[in-house]
**Q** 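Following this message is one structure expressed as structure tokens.
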Amino acid sequence: MAKQILDDLDKKILKLISDDARIPFLEVARVCNVSGAAVHQRIQKLYHLGVLKGSQFIIDPEKVGYETCAFIGLYLKDPECFDSVVEELRKIPEVVECHYTTGGFDMFIKIYAHNNHHLLEIIHDKLQPLGLSRSETIISFNAAIDRRCPIVDFEEADTDVVEDSGDSSDNPE
């Protein structure tokens, strides 16, 4: 996937709206020293490019009864069944993420359950019938860091590495 070229205004807008999705466009415009119409146009452009994929309220799972968060590595009996397994996983509301990964797992999923007993029911009654040879479950006690992807200038990040030019003119030896 090609990296999108974003200018400084795009990055500033992204930083502001990722910090607070409810910030009014006019406030973004004021901070960025541009018109409200310019902010609106930039945000529409970012949606069109696929940089922005929507806005949402973030619900605290624990506050609505999901006390257990688990990550489960899935090993499929038949790895060629990826697509059908993913479609079945989409039908399980407690599965909130599914990743194809490198390493030993065929897939890696994130699940919220009401408690450990509910997690066991999900694994036994909903996941095992999908054609798993086995699974490995890791229960998360707490997310020490939970944030969105940072908005950075990749070109600047790439130049942070200082290379030795081999020029020894600064060397007193």
Side-chain angles (χ1 to χ4, degrees), residues 1-74 76 79 81-114 122 126-127 130 138-163:
M1 173 177 278
K3 178 176 63 171
Q4 299 294 331
I5 304 299
L6 304 175
D7 65 18
D8 289 339
L9 179 57
D10 291 332
K11 292 174 190 167
K12 194 168 190 177
I13 291 169
L14 287 171
K15 172 86 173 88
L16 289 165
I17 65 175
S18 67
D19 287 345
D20 178 6
R22 295 179 62 171
I23 188 171
F25 283 3
L26 288 177
E27 176 65 14
V28 174
R30 188 190 63 72
V31 171
C32 294
N33 200 27
V34 296
S35 71
V39 170
H40 180 73
Q41 289 172 343
R42 290 295 183 113
I43 288 177
Q44 290 304 312
K45 175 190 86 167
L46 294 168
Y47 272 115
H48 178 72
L49 291 172
V51 173
L52 288 175
K53 295 185 175 190
S55 59
Q56 60 190 341
F57 288 100
I58 299 170
I59 298 169
D60 183 337
E62 197 170 342
K63 300 277 196 260
V64 293
Y66 291 96
E67 295 179 3
T68 301
C69 174
F71 297 89
I72 304 175
L74 305 178
L76 304 179
C81 295
F82 273 161
D83 294 337
S84 62
V85 171
V86 169
E87 286 310 310
E88 291 303 311
L89 288 171
R90 287 183 200 281
K91 297 175 186 175
I92 304 171
E94 295 88 353
V95 175
V96 296
E97 292 181 26
C98 176
H99 301 266
Y100 296 116
T101 63
T102 61
F105 303 128
D106 293 314
M107 295 177 184
F108 196 70
I109 62 174
K110 181 178 180 180
I111 287 185
Y112 284 108
H114 298 295
I122 295 168
K126 296 180 179 181
L127 296 179
L130 299 180
I138 301 167
I139 293 177
S140 170
F141 292 127
N142 188 20
I145 299 173
D146 184 7
R147 60 183 169 205
R148 304 291 166 244
C149 182
I151 306 303
V152 297
D153 189 346
F154 290 103
E155 290 77 23
E156 286 180 18
D158 291 342
T159 60
D160 287 344
V161 177
V162 178
E163 295 183 26

**Q** Do any pairs count as a salt bridge (Lys or Arg N to Asp or Glu O under 4.0 Å) and have a residue in residues 140-149, sequence neighbours left out, and if so which ones?
**A** none
**Q** Take L127 and I111 through the side-chain contact (heavy atoms from CB on, under 4.5 Å) test and state the conclusion after the steps.
**A** CA-CA 11 Å; L127 296 179; I111 287 185; 3.9 Å; yes
**Q** Is there a side-chain contact between V31 and I23 in this structure, where contact means two heavy atoms from C-beta onward sitting under 4.5 Å apart?
**A**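 No, their side chains stay 4.5 Å or more apart.
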**Q** Would you mind reporting whether L14 and S18 have side-chain heavy atoms less than 4.5 Å apart?
**A**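 In short, these two side chains do not touch, never coming nearer than 4.5 Å.
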**Q** Go through the structure and list residues passing side-chain contact (heavy atoms from CB on, under 4.5 Å) with A21, not counting sequence neighbours.
**A**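 Partners of A21 under the side-chain contact (heavy atoms from CB on, under 4.5 Å) test: none.
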**Q** Rounded at 0.5 Å granularity, tell me how far CG in L74 sits from SG in C98.
**A**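 That separation rounds to 7.0 Å.
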**Q** Check whether any side-chain heavy atom of K45 lies under 4.5 Å from a side-chain heavy atom of R42, and answer yes or no.
**A**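 They are in side-chain contact.
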**Q** Considering non-hydrogen atoms only, spot the tightest contact between L16 and C32 and give its length.
**A** CD1-SG, 3.8 Å
**Q** Just so I know, are the side chains of L89 and I92 near enough to count as touching, which here means a heavy-atom distance under 4.5 Å?
**A** yes
**Q** Specify the closest pair of heavy atoms between I122 and Y112, including all atoms of both residues, with the distance to one decimal.
**A**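 Nearest pair, atom of I122 first, then Y112: CD1-O, 4.3 Å.
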**Q** Please set out all donor-acceptor pairs under 3.5 angstrom arising from side-chain atoms of residues 58-67, sequence neighbours excluded.
**A**
from : atom 1 : to  : atom 2 : distance (Å)
D60  : OD1    : E62 : N      : 3.0

**Q** Considering residues, nucleotides and ligands other than F141, do more than 12 of their heavy atoms fall under 6.0 Å from its CZ?
**A** no
**Q** Report the residues that fulfil side-chain contact (heavy atoms from CB on, under 4.5 Å) with N33, sequence neighbours left out, ordered by chain and then residue number.
**A** none
**Q** What is the distance from atom CG of L46 to atom NZ of K11, rounded to the nearest 0.5 Å?
**A** 12.0 Å
**Q** Measuring only between side-chain heavy atoms, which start at C-beta, is F57 closer than 4.5 Å to R22?
**A** yes
**Q** If you define the side chain from C-beta out and look only at heavy atoms, does anything of I72 sit under 4.5 Å from I109?
**A**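 Heavy-atom side-chain distance check passes, below 4.5 Å.
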**Q** Can you find a heavy atom in the side chain of M107 that is under 4.5 Å from one in the side chain of V86?
**A** yes
**Q** For F71 versus S140, what's the shortest heavy-atom pair and its separation?
**A** CE1-CB, 3.9 Å
**Q** Measure across D106 and L76 and return the closest heavy-atom pair with its distance rounded to 0.1 Å.
**A** OD2-N, 2.6 Å
**Q** Output the distance between atom OG1 (T68) and atom CD1 (I139), rounded to the nearest 0.5 Å.
**A** 6.0 Å
**Q** What distance do S35 atom OG and Q41 atom CD have between them, rounded to the nearest 0.5 Å?
**A**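 It is 7.0 Å, given to the nearest 0.5 Å.
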**Q** Sequence neighbours left out, what passes side-chain contact (heavy atoms from CB on, under 4.5 Å) with D19? Give chain and number order.
**A**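 Partners of D19 under the side-chain contact (heavy atoms from CB on, under 4.5 Å) test: K15.
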**Q** Would you say V95 and K126 make side-chain contact, with heavy atoms under 4.5 Å?
**A**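 When only atoms from C-beta onward are counted, K126 and V95 do not touch, as no gap falls below 4.5 Å.
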**Q** Does Y47 have any ring-ring contact (aromatic ring centres under 6.0 Å, His included) partners at least two apart in sequence or in another chain, and if so, which?
**A**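 Y47: no ring-ring contact (aromatic ring centres under 6.0 Å, His included) contacts found.
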